[in-house]
Participant: 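To start, I am sharing the structure in question, which I have written as structure tokens.
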Amino acid sequence: MKPVLAPHVYATDTDHGLVLLDERSGRYWQLNGTGAAVVRLLEEGKTPGEAAAALQRRYPDRADRVSSDVDQLLSALRRAGLVIA
């Protein structure tokens, strides 16, 4: 199963990234542009690996870190209950 935003989480684009609202807790989470790109790619149905590959193409000078950064972001979002699967 691919990771998706939980049903109680709403995403809004900003000038600098993305804001996630956890409707259950009322907490907001702000993601930078790269974090926003990961979430949007996942919403398009991409796997974490496909999202990482897209970011590696976009940021070739950081290609060695992208996969671990995507994994860390997803882990943090899962721990916060914002992403399921």
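None of the values given here were measured: they were computed from a predicted structure.
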Participant: Are L31 and V19 connected in the hydrophobic side-chain network, where two residues link if heavy atoms are under 4.5 Å apart?
Facilitator: no
Participant: Could you tell me which non-hydrogen atom of A11 sits nearest to which non-hydrogen atom of L20, and how far apart they are?
Facilitator: CB-CD2, 3.7 Å
Participant: State, with a plain yes or no, whether a side-chain heavy atom of H8 is found less than 4.5 Å away from one of S25.
Facilitator: no
Participant: Following the transitive rule for hydrophobic clusters with a side-chain heavy-atom cut-off under 4.5 Å over Ile, Leu, Val, Met, Phe, Trp and Tyr, establish whether V4 and L82 coincide in one cluster.
Facilitator: no
Participant: Would W29 end up clustered with L42 when hydrophobic side chains under 4.5 Å apart are linked, directly or stepwise?
Facilitator: yes
Participant: Between the main-chain N or O of L21 and the side-chain N or O of R27, is there a donor-acceptor pair closer than 3.5 Å?
Facilitator: no
Participant: Can you check whether R78 reaches P3 side chain to side chain, under 4.5 Å on heavy atoms?
Facilitator: yes
Participant: With clusters defined by side-chain heavy atoms of hydrophobic residues (ILVMFWY) lying less than 4.5 Å apart, directly or transitively, does L74 cluster with Y59?
Facilitator: yes
Participant: Just how far is it from atom OH of Y10 to atom CG of L5, taken to the nearest 0.5 Å?
Facilitator: 11.0 Å
Participant: If you count heavy atoms of other groups shown closer than 6.0 angstrom to CD of Q30, is the number above 12?
Facilitator: no
Participant: Specify the closest pair of heavy atoms between A6 and G81, including all atoms of both residues, with the distance to one decimal.
Facilitator: CB-O, 3.7 Å
Participant: Just how far is it from atom CG of D61 to atom CD of Q56, taken to the nearest 0.5 Å?
Facilitator: 11.5 Å
Participant: Within this structure, what is the CG-CG distance for the pair L73 and N32, rounded to the nearest 0.5 Å?
Facilitator: 8.5 Å
Participant: I need the K2 NZ to E44 CD distance, nearest 0.5 Å.
Facilitator: 11.0 Å
Participant: Given the rule that I, L, V, M, F, W and Y join up when any side-chain heavy atoms are under 4.5 Å apart, are L41 and L77 in one cluster?
Facilitator: no
Participant: State whether D13 and R40 are salt-bridged, where the test is any N-O pair (Lys NZ or Arg NE/NH1/NH2 against Asp/Glu carboxylate O) under 4.0 Å.
Facilitator: yes
Participant: Of all the heavy-atom pairs spanning V70 and P48, show the shortest one and how long it is.
Facilitator: CG1-O, 3.9 Å
